[in-house]
Number of protein chains: 4
Amino acid sequence: MARRKSVKKRNKIIESAAKLFAQNGYFCTSMSEIANRAEMSVGSLYVYFKSKDDLLIEIFKNYFDELMGNVEKIFTETEQHPLDKLFDGLNLVVNTLSNDKDMAKVFLVELRQSNKALESIAPEIRDKYENLIKNLIDEAKEKDLVKKNIDPELIGLSTFGLIESILFDWINKGYTKEKLLMKLERAANYFIQGIRK
Amino acid sequence: MARRKSVKKRNKIIESAAKLFAQNGYFCTSMSEIANRAEMSVGSLYVYFKSKDDLLIEIFKNYFDELMGNVEKIFTETEQHPLDKLFDGLNLVVNTLSNDKDMAKVFLVELRQSNKALESIAPEIRDKYENLIKNLIDEAKEKDLVKKNIDPELIGLSTFGLIESILFDWINKGYTKEKLLMKLERAANYFIQGIRK
Amino acid sequence: MARRKSVKKRNKIIESAAKLFAQNGYFCTSMSEIANRAEMSVGSLYVYFKSKDDLLIEIFKNYFDELMGNVEKIFTETEQHPLDKLFDGLNLVVNTLSNDKDMAKVFLVELRQSNKALESIAPEIRDKYENLIKNLIDEAKEKDLVKKNIDPELIGLSTFGLIESILFDWINKGYTKEKLLMKLERAANYFIQGIRK
Amino acid sequence: MARRKSVKKRNKIIESAAKLFAQNGYFCTSMSEIANRAEMSVGSLYVYFKSKDDLLIEIFKNYFDELMGNVEKIFTETEQHPLDKLFDGLNLVVNTLSNDKDMAKVFLVELRQSNKALESIAPEIRDKYENLIKNLIDEAKEKDLVKKNIDPELIGLSTFGLIESILFDWINKGYTKEKLLMKLERAANYFIQGIRK
DNA sequence: TATGAATGAGGTTTCATTCAT
DNA sequence: GATGAATGAAACCTCATTCAT
C-alpha cells in the first residue's frame with residue numbers, strides 16, 4: 001500500500017518534469033519548478049531521483065521501454081509481409097507519441113540537452129530501434145522480398161530520420177493528429193516503395 | 001580612424017564557440033570558456049555579440065547562409081534531371097558539414113538548446129531548406145518526372161530527416177567521411193527511387 | 001516541519017543592508033557585502049528577498065508603516081489643538097529617526113536611488129504622510145483654528161520639506177540629537193505660527 | 001575659434017548627461033549612453049571630463065553658480081524689505097529650475113547618488129544658499145523687521161526644505177509651471193508671515 | 001583632438017544539492 | 001519519508017576607463 005503511494009508520487013514527478021522539459025527545455029527548468037508543479041517539496045524529488053540528470057533519463061526509460069516492447073510485438077508476433085510490419089511499427093511509434101506531445105518533444109529535443117543522457121541513453125535508444133529494424137530487413141532479404149543491394153542498417157537509420165523529421169515538423173507547426181498520421185503514411189510509402197522488390 | 005571591429009577576431013570567437021558548443025553543449029559552455037579559447041577577455045565577446053544567445057544564432061546565420069546559397073546554385077543554375085539535382089544538393093550539404101564536425105554537431109544538437117534560437121532560427125532554416133526542395137519537386141512534377149501522388153512538402157521533410165539522421169549517426173559513431181558519404185548515397189538512392197517515375 | 005524562514009534572520013539582513021546603504025549608498029553596496037555583514041551566504045539573501053530592489057523596498061515598508069502608525073495615533077486618538085498634534089507628530093518622526101541615523105539616511109537619500117523604489121514607494125510614502133496632515137488641517141479649518149486661505153495639501157508638502165531639510169542637515173553635519181530636536185522645534189514653531197489664527 | 005567649438009562640445013555633453021541622469025538616474029546611465037546622445041565617442045567624454053563623477057559635479061557647478069549669482073544680485077543690489085527679497089529669491093530659484101525639469105531632477109535626486117558629489121558638492125551648495133539667506137535675515141534682524149527669536153541658520157534650512165519639497169512634488173506629479181509657482185507663492189507666504197514682525 | 005575596441009573587475013542572480021528538523 | 005532553508009559555485013553581463021591609432 002505504501003509502495004503504491006510511492007509509485008503514484010514518482011509518476012507525478014515524471015509527468016510534471018516531462019511537461020516542463022517540453023515546455024521550457026531541460027536547462028531552463030529548475031528542480032523547484034518541477035517540485036511546484038508536482039505539488040511537493042524539492043527535497044522529495046531527491047527521494048525518488050538522485051539528480052536532475054537521473055530524472056531525465058528515467059523519464060525515457062519508463063516510456064521508451066514500453067513503446068519498444070509494443071513495436072517488438074508487432075515485429076515478432078504477427079504474420080505479415082516484413083515491410084508491412086515496418087509500416088505498422090512506424091505507425092505505432094508516431095501514433096503513441098502523438099498522444100503525448102510533451103513526451104514527444106522531450107524525446108526529440110530535450111534528450112539531447114543533458115550530456116549524460118545524450119551520451120548514455122540516446123545511442124541506446126537508437127541502437128535498440130535500429131536493431132529491431134535491421135532484423136526485420138534481414139528477414140525480408142532472406143525471403144527475397146526487398147531489392148538485393150539494401151543495407152539493413154541504413155534502413156534503420158533512415159526510418160528513424162523519417163520519424164524524427166515528421167514529428168519535429170508536427171511539434172513546430174502543431175497540426176492535428178490525423179494530419180500527422182496521414183503525412184507519416186505517405187512518407188513511409190515513398191520510402192518503402194523504394195526498397196520493395 | 002580608431003581600431004575597427006576586426007573580422008578576424010569575430011571569426012575566432014565563432015570558431016571557438018562552435019568547438020565548445022559541439023564538445024560540451026550550449027548550456028554547458030560558459031562565456032568565459034569561450035573567451036579563454038579565443039584568447040581574449042569575456043568583455044570582448046560582448047563587443048562582437050550582444051548575448052550568448054545571439055552568438056549561437058550568428059554562428060548559424062553565417063554558416064548556413066553560405067551553405068544554402070550553394071545548394072540553391074545547384075538547384076537553379078545547372079541543367080539536370082531534378083532528382084539528380086536533389087541528389088547533388090544532399091551530397092553538398094553532407095559533404096560540407098562533414099568537413100567541420102563541430103559545426104555539424106552544433107547544427108544538429110545545439111541549435112535546439114537555446115530557446116530563442118530554436119524558436120526564431122530553427123524553423124527558418126527548416127523552411128528555407130524545405131522550400132528549396134519543394135520548388136525542385138514541383139518542377140519535376142510539371143515535367144512529369146516523378147510519381148503523380150507525390151507531396152512536395154513531404155519530400156522536403158523527409159530529405160531533411162534523412163540528412164539529420166545520417167549525420168547524427170556519424171557524429172555519434174565517428175566513422176570516416178568516406179563511409180558517411182557512401183551511406184548518404186545509398187540512402188538517398190532508396191528514397192529517390194521511391195518517388196522517381 | 002522543516003526549518004521555517006526565520007524572522008530573526010530576515011531582520012539581521014534588513015539591519016545590515018540599512019547600515020551599508022546608509023554608509024555607502026544603494027548602488028555602491030553589493031549584495032555580497034550585505035551577506036558578509038549579516039554573516040550568511042549571498043544565496044540566503046535571495047531566500048528572504050527576491051532582489052536587491054525588493055530588499056530596499058521592504059526595509060522601508062517595515063519601518064515606515066510602524067512609524068506612520070504611531071503618528072496616526074497621535075493625530076486621531078488624542079484630544080488637542082490640531083496644530084499641537086501636528087507639532088507632536090513632527091516631533092515623533094524626527095525623534096524616531098534620530099535614534100537610527102542609518103535608517104534616516106536611507107529614508108532621505110537611498111530611497112531615491114532605486115528606480116523601482118523611487119517610482120513605487122516614495123510617492124506612496126509621501127502621499128500617506130501628506131494625507132495625514134491634510135486631514136488634520138481640514139479638521140482645524142472646520143473648527144476655525146487656522147487662517148482661512150490655508151491650503152491643506154500645501155501644508156503637508158511644506159512640513160515634509162521641513163522634516164527632510166532638517167534631517168538632511170543633521171545627517172551632513174552630525175550634531176547631537178538634542179540640537180536636532182531643538183532646531184526642529186523652532187522651525188516648526190515659525191511655520192505653525194504662520195498658519196495659526 | 002577652436003576654443004569655441006570646444007565649449008560647444010562640452011556643453012553638449014553636459015546637456016546630454018543631465019537629460020539622461022534626470023531620466024534614468026546617475027548609476028543607471030552609462031558613459032556610452034551619454035556619448036550616444038551627445039553624438040560623439042566615449043573617448044571624447046574623457047577629453048572634457050576626467051571621470052563620470054567629475055561630469056556630474058561639473059554639471060552642477062556650471063548651473064548652480066549662475067543661478068546663485070542671480071539670487072545674490074537680488075539680495076544685494078535691490079532695495080526692498082529683506083523678506084520681500086527672500087520671497088523674490090525663492091521665486092527666482094524655482095522659476096529657473098521650472099524651465100529645465102531635467103536639471104531640477106538632477107539637483108534634487110541625482111546629486112545625492114554620487115558619493116563624491118554628495119560629499120563634496122551638496123554641502124557646498126547648501127552652505128552657499130543658506131549663507132545668502134542667513135545674511136539676509138541678519139540684516140532684517142538688525143533693522144528689527146523680524147521676530148526677535150528668529151534663528152537665521154534655521155530659516156536658511158527651512159527655505160531650502162520648502163523649495164526642495166515643492167519642486168520634488170512638481171517633478172513627481174508633473175503639473176504646470178504656473179501651478180508650481182502658485183504653490184510656491186502660497187507656501188512662502190505662510191512661512192514668511194511666521195517670521196515677519 | 002577624436003575614436004571606439006579592449007579590458008577586467010565586479011555586479012546580481014540562479015540553482016542543484018544537502019541536511020537538520 | 002518529507003520538508004524547505006541554506007549554501008556556494010558559477011553563470012551572464014555591464015561598464016568606467018584606457019590607449020593604440
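To find a chain, count down the sequence lines: A is the first, B the second, and so on, and within it residues start at 1. What you see below is based on every heavy atom in this structure, not just the backbone, and it leaves out hydrogens, waters and symmetry mates.
- Across all their heavy atoms, B:Thr29 and B:Gly25 have their closest contact at OG1-O, 2.7 Å.
- In this model, the phosphate group of E:dA2 is approached by a side-chain N or O of D:Lys9 to a distance below 4.0 Å at OP1 or OP2.
- A close approach under 4.0 Å does not occur between any side-chain nitrogen or oxygen of D:Tyr46 and OP1 or OP2 of E:dA2.
- When the C1' atom of E:dA2 is taken as reference, atom CZ of D:Phe49 falls 16 Å away, rounded to whole Å.
- Checking side-chain atoms of C:Tyr48 against main-chain N and O of C:Asn11 turns up no donor-acceptor pair under 3.5 Å.
- The residue among B:Met40 and D:Ser44 whose nearest nucleotide of DNA chain E lies closer to the 5′ end is D:Ser44.
- Set against F:dT3, E:dA5, F:dT7, the side chain of A:Val47 has F:dT3 as its closest nucleotide.
- The nearest whole Å value for the distance from the CD atom in A:Glu39 to the P atom in F:dT3 is 11 Å.
- Residue D:Ser41 places at least one side-chain N or O under 4.0 Å from the OP1 or OP2 atom of E:dT3.
- Map C:Ser6 and B:Glu33 each onto its nearest nucleotide of DNA chain F; the residue landing nearer the 5' end is C:Ser6.
- Closest approach to the A:Lys52 side chain among E:dA16, E:dT12, F:dC13 is made by E:dA16 (side chain taken as heavy atoms from C-beta onward).
- Using a 4.0 Å cut-off, no side-chain N or O of D:Ser32 falls inside it from OP1 or OP2 of F:dC15.
- Under the Watson-Crick or G-U wobble criterion, with both distances below 3.5 Å, E:dT21 is paired with F:dA2.
- Comparing C:Leu45 and B:Ser30 by the nucleotide of DNA chain F that holds the closest heavy atom to each, the one mapping nearer the 5' end is C:Leu45.
- Set against E:dT12, E:dT3, F:dT17, the side chain of C:Met31 has E:dT12 as its closest nucleotide.
- Environment of NZ in C:Lys52: crowded, with over 12 heavy atoms of neighbouring residues, nucleotides or ligands closer than 6.0 Å.
- Atom NZ of A:Lys50 and atom P of E:dT18 are 12 Å apart (whole Å).
- Nearer the 5' end of DNA chain E, as judged by each residue's closest nucleotide, is the contact made by B:Val42, out of B:Val42 and C:Val42.
- The local environment of CD in C:Glu58 is crowded, with over 12 non-hydrogen atoms from other residues, nucleotides or ligands closer than 6.0 Å.
- Straight-line distance from the CG atom of C:Asp53 to the C1' atom of E:dG11: 14 Å, rounded to whole Å.
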